[in-house]
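What follows is a set of notes on a single structure, which appears directly below.
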Amino acid sequence: MDPERAPAAKKLLQSRRLLTTVAALLVMLSAACGGGGKSANNGAPVLAGTEIPTVSPVPATVASCAPPQQLALPANFPREITVPPDYVIWSVETTPHLRVVGRVTPPASPTSEVPKGVVADAILAEATAGGWQLRLHQGPEALDYDFTLPDGREGNFTSGTAPGCPGQVILTFDANWVTG
């Protein structure tokens with residue numbers, strides 16, 4: 001090749017490469033946008049040859065404010081623990097210790113106290129009168145008390161909000177000394 005024409009040929013080759021690269025990018029962009037057309041997906045471009053994904057609507061979660069079946073207080077539930085008269089038992093577990101979970105709807109409080117506090121206060125009054133030692137672990141959703149009976153037996157009760165069920169309180173008793 002003529003040395004005088006070499007720079008021009010080199011420039012022409014670079015221009016062709018650039019033009020080829022730009023053309024390839026335009027083809028890929030056009031394919032990614034469905035050929036530039038709009039789809040049935042509210043006018044949003046989709047990849048050519050792909051189906052528009054469909055999503056089944058998720059039904060809203062409805063709070064269950066009544067148990068599937070009401071259970072009875074187990075025969076081995078400690079007599080020292082007083083439960084509210086309208087306590088509805090949702091579940092009973094015996095491993096590794098006795099756990100009873102239920103709900104209660106406390107009477108309306110004359111103050112603006114939250115229902116979980118009304119329930120906890122009633123149990124605390126009985127516990128204090130019975131000589132229990134109590135330790136509070138307070139969280140935003142529950143009042144959680146570890147207790148020790150005068151004879152050294154330990155347990156826990158929790159009084160917490162029942163999401164989606166206004167006025168109801170989840171009340172859980174753990175009798176750590178009762179197994180099986």
*Say whether Val83 and Leu171 are linked into one hydrophobic cluster, either directly or through other cluster members, by side-chain heavy-atom distances under 4.5 angstrom.*
yes

*Do Trp132 and Ile81 come within less than 4.5 Å of each other through their side chains, counting heavy atoms only?*
yes

*Over all atoms of both residues, closest heavy-atom pair of Ala175 and Pro78*: CB-CG, 3.8 Å

*ILVMFWY cluster, Leu98 and Leu71 together (side-chain gap under 4.5 Å)*: yes

*Could you walk me through whether Asn156 and Thr158 pass side-chain hydrogen bond (donor to acceptor under 3.5 Å, both in side chains), step by step?*
CA-CA 7 Å; Asn156 176 275; Thr158 304; 3.2 Å; yes

*asked:* Please evaluate residues Leu134 and Thr128 with respect to the criterion side chain to side chain contact (heavy atoms under 4.5 Å, CB included), reporting the C-alpha separation (whole Å), side-chain torsions for both, the decisive distance (0.1 Å), and the verdict.
replied: CA-CA 8 Å; Leu134 297 155; Thr128 304; 4.3 Å; yes

*Can you tell me how far CZ of Arg99 sits from CG of Asp174, rounded to the nearest 0.5 angstrom?*
4.0 Å

*Taking the side chain as every heavy atom from C-beta outward, state whether His137 and Asp146 have any pair of such atoms under 4.5 Å apart.*
yes

*What's the shortest heavy-atom distance between Pro163 and Thr161, and which atoms?*
CD-O, 3.3 Å

*Of the non-hydrogen atoms in Ser64 and Cys165, which two are nearest, and what is the gap between them?*
O-SG, 3.8 Å

*Test item: Glu80 side-chain N/O and Leu149 main-chain N/O as donor-acceptor pair under 3.5 Å*: no

_Leu73 side, atom CG; Gln70 side, atom CD - distance, nearest 0.5 Å_ = 10.5 Å

_How close do Gly167 and Pro106 get, counting heavy atoms only, and between which atoms?_
O-CD, 3.2 Å

*asked:* With a 4.5 Å cut-off on side-chain heavy atoms, are Val178 and Thr94 touching?
replied: no

*Can you say whether the rings of Phe173 and Phe157 are parallel (under 30°), tilted (30 to 60°) or perpendicular (over 60°)?*
tilted

*Any idea which heavy atoms bring Ala72 and Ile89 closest together, and the distance?*
C-CD1, 3.6 Å

*asked:* Taking the side chain as everything from C-beta on, heavy atoms only, tell me whether Tyr145 gets closer than 4.5 Å to Ile123.
replied: no

*Identified side chain to side chain contact (heavy atoms under 4.5 Å, CB included) partner of Ser159 from the options Val169, Thr172, Ile170*: Val169

*Minimum-distance pair of heavy atoms, taken over all atoms of Glu154 and Trp177*: O-CE3, 3.0 Å

*Does one hydrophobic cluster hold both Tyr87 and Trp90, with members joined at side-chain heavy-atom distances below 4.5 Å?*
no

*Leu136, Val118: one ILVMFWY side-chain cluster at the under-4.5 Å cut-off?*
no

